Amino acid sequence: ISSFVNMAESASGWRGLLIAAVLCSAAPGSAFVQDLDDSFKENRKDDVWLVDFYAPWCGHCKKLEPVWNEVGAEMRSSGSPVRVGKMDATSYSSIASEFGVRGYPTIKLLKGDMAYNYRGPRTKEDIIEFANRVAGPVVRPLPSPQMFEHIQKRHPVLFVYIGGESPLKEKYIEVASELIVYTYFYSASEDVFPEYVKLQELPAVLVFKDGTYFAYDEYEDGDMSSWVNRERFMSYMPIDGFTLYELGDTGKLVAVAVIDEKSTSEEHTRLKTVMQDVAKEHRDQFHRELQFGHMDGSDYINSLIMGEVDVPSVIVLNTSNQQYFIPKEDIVSVEDMVRFINEVLEGSAEARGGDGIFQRIRRIVYDATSTVVSVFKTSPLLGCFLFGLPLGVISIMCYGICTADSGDVSEETDSVRRETQDGELSDEGSDEDQDSPENMEILEGSPEHRTEVKDEKSPLEKKED
């Protein structure tokens, strides 16, 4: 008996381990993501929260779910103070509205009374980097040259305030509080930097990127927030849909080399090199107005301009009004690229696209057509059901209406035809009665009939008689 009990206990233990393994494999990291309800509003302020506001029916939300579980597991294992959660925004719509949720999924980091939106790529690494940056101090100290060297290797772009207390530092902290979602902000003393960093005056704000640094000048660069927003990108970089969306906040034109990165063709390599050289050698001339980069493939650009661009080719995008510019001649050298950019800035290059009423209507039609084509490509059966069924119902209704109208018309026509035929028959009968010889004889020989045929005499005629 004891052996059977031991066997049962052993089987029960293995069954429990198997169930746990299945649950872990089904949703890895889900144990580290907390499901939030309406009590979250009151309990959240004691912690820093990274929250995914989702809708159960949202396809993008379902795609984010495994990534979000990995984020929760990584944040827990690294000892981060940031707690990871998710909330069904359709069930708790009032709370979602208070946090400004207008689409799904929406990722926010909640820190005290502040709510920071995440608008970057939905990858584990990018989301974790955002959470750690925003959860920490708004302005981080750089205590030593070694720390500065380490930080510079980790971050391609960083801003540093140098000096003591001043109105410039107060403004710097204010801007950092606003733009910490995009980049890092530090403060340091002058002796932290290597010898190549030459400061003409203190206090100062520097941006380190592209292997060098640039100083903020209030008279030339204007508002510090606008300057940081423009300079938070490298002068030349790969561009995708997310990057292009963020570049829209800078107010810059975006010069893009559309290439195929897998191609070994000299033409693709040359165009990318030309764009890089212009960004580096002509920074002082163009960095306030233009952002340079390259994009792998033309699919996104084609959907943006509702047309087709060659690969490789060059296009300059104005994200503020949806205009774009394409050179009339091929770009083969730095001089060609500089000349084309100057034409765009001077207004002599042909502007295409725009945000007028015609382009908006065209965009609606294009998006609708693209959606239909995409549905049929990915799932032809679903496409036939979604679009074929309504069309079939509408066709049947139209057919019923048309046949009903034609039946009424045919009945009316038959009725009119019968009435016409009856009228013709009666007219023919009366004509025959009037014109027959028998009737003529009666009229001629019968006084009664002649009296009936004669017109009645007037009173004067009767008097004369």
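For the numbers below, each heavy atom of this structure counts, side chains included, while hydrogens, waters and symmetry mates do not. Remember, predicted model here, so these are calculated numbers, not experimental data.
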Practice task
Go through Lys108 and Tyr116 one step at a time and tell me if the side chain to side chain contact (heavy atoms under 4.5 Å, CB included) criterion holds.
Solution key: CA-CA 5 Å; Lys108 287 180 178 284; Tyr116 298 91; over 6 Å; no
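- The closest side-chain donor-acceptor pair between Ser320 and Asn318 falls under 3.5 angstrom.
- Under the 4.5 Å side-chain criterion, counting only non-hydrogen atoms from C-beta, Phe40 is in contact with Leu110.
- You'll find the side chain of Val254 reaches within 4.5 Å of the side chain of Ile239, heavy atoms only.
- Between Ile259 and Pro312, the shortest heavy-atom contact is CG2-CB, 4.1 Å.
- In this model, no donor atom of one side chain and acceptor atom of the other lie less than 3.5 Å apart for Ser263 and Asp260.
- Checking Asp355 against Gln322 by side-chain atom types alone, no donor-acceptor pair falls below 3.5 Å.
- One finds the CD atom of Glu261 at 5.0 Å from the NZ atom of Lys272 (value rounded to the nearest 0.5 Å).
- With Trp49 as the partner, the side-chain contact (heavy atoms from CB on, under 4.5 Å) test is satisfied by one option alone out of Leu109, Val82, Leu36: Leu36.
- Using modelled atom types and a 3.5 Å distance limit, the side chains of Asn229 and Ser226 yield no donor-acceptor pair.
- Between the side chains of Arg83 and Gln34, at least one donor N or O sits under 3.5 Å from an acceptor N or O.
- For Phe358, the CZ atom sits in a loose shell: 12 or fewer heavy atoms of surrounding residues, nucleotides or ligands are nearer than 6.0 Å.
- For Glu129, the CD atom is densely surrounded, since the number of other residues' heavy atoms within 6.0 Å is greater than 12.
- A side-chain donor from one of Asp210 and Ser235 sits under 3.5 Å from a side-chain acceptor of the other.
- Closest heavy-atom contact between Tyr54 and Tyr104: C-CD2, 4.0 Å.
- Inter-residue side-chain proximity for Asp296 and Asp240 is flagged as unmet; no heavy-atom pair is nearer than 4.5 Å.
- When side chains are defined from C-beta on, Thr212 counts as touching Phe214, because their heavy atoms get closer than 4.5 Å.
- Looking at Glu231 and Lys209, a side-chain N of the basic residue comes within less than 4.0 Å of a carboxylate O on the acidic one, giving a salt bridge.
- Under the ring pair (Phe, Tyr, Trp, His ring centres under 6.0 Å) criterion, Phe242 pairs with no residue, sequence neighbours left out.
- Interatomic distance, Gln152 CD to Leu142 CG, rounded to the nearest 0.5 Å: 10.0 Å.
- In the displayed structure, Glu190 atom CD is contacted under 6.0 Å by at most 12 heavy atoms of other residues, nucleotides or ligands.
- Between the side chains of Gln276 and His294, no donor-acceptor pair is found at a separation under 3.5 Å.
- Residues Thr90 and Ala55 come closest through the heavy atom pair CG2-CB, 3.8 Å.
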Go through the steps for Phe159 and Phe185 under the test ring pair (Phe, Tyr, Trp, His ring centres under 6.0 Å), then give the verdict.
-> CA-CA 5 Å; Phe159 294 85; Phe185 296 86; 5.6 Å; yes
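- Heavy atoms from other residues, nucleotides or ligands lying under 6.0 Å from CG of Asp217 number more than 12.
- Under the 4.0 Å criterion applied to side-chain N and carboxylate O atoms, Asp221 and Arg288 are assigned as salt-bridge partners.
- Atom CE of Met147 is surrounded by 12 or fewer heavy atoms from other residues, nucleotides or ligands within 6.0 Å.
- Salt bridge absent: Glu289 and Lys252 never bring a charged side-chain N and a carboxylate O closer than 4.0 Å.
- Inter-residue side-chain proximity for Val314 and Met275 is flagged as met; some heavy-atom pair is nearer than 4.5 Å.
- Shortest non-hydrogen contact noted between Ile180 and Val138 is CD1-O, 3.8 Å.
- Side-chain polar atoms of Tyr182 and Arg119 form a donor-acceptor pair below 3.5 angstrom.
- Looking only at side-chain heavy atoms (C-beta outward), Tyr92 and Phe53 stay at 4.5 Å or farther from each other.
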**Asked** Yes or no on ring pair (Phe, Tyr, Trp, His ring centres under 6.0 Å) for Tyr161 and Tyr172, after CA distance, side-chain angles and deciding distance?
**Response** CA-CA 7 Å; Tyr161 172 83; Tyr172 179 75; 5.7 Å; yes
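- For the pair Ser93 (side chain) and Ala89 (backbone), a donor-acceptor distance under 3.5 Å is absent.
- Each of Val84, Leu50, Asn132 was compared with Ile127 under the side-chain contact (heavy atoms from CB on, under 4.5 Å) criterion, and only Leu50 meets it.
- Across all non-hydrogen atoms, the minimal contact from Pro145 to Asp191 is CG-O, 4.1 Å.
- Taking both residues in full, the closest heavy atoms of Lys111 and Ala135 are given as NZ-O, 3.5 Å, listed atom of the first, atom of the second, then distance.
- For the pair Arg133 and Tyr184, the cation-pi test (distance below 6.0 Å, angle within 45°) is passed.
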Quick one: do Phe193 and Phe148 satisfy ring pair (Phe, Tyr, Trp, His ring centres under 6.0 Å)? Show the steps, please. CA-CA 7 Å; Phe193 302 100; Phe148 170 74; 5.1 Å; yes
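- Within a 6.0 Å radius of CD in Glu281, more than 12 heavy atoms belonging to other residues, nucleotides or ligands are found.
- Taking 4.5 Å as the limit, every side-chain heavy atom of Val205 sits out of range of all side-chain heavy atoms of Lys171.
- Distance check, rounded to the nearest 0.5 Å: CD of Gln291 to CD of Glu246 gives 11.5 Å.
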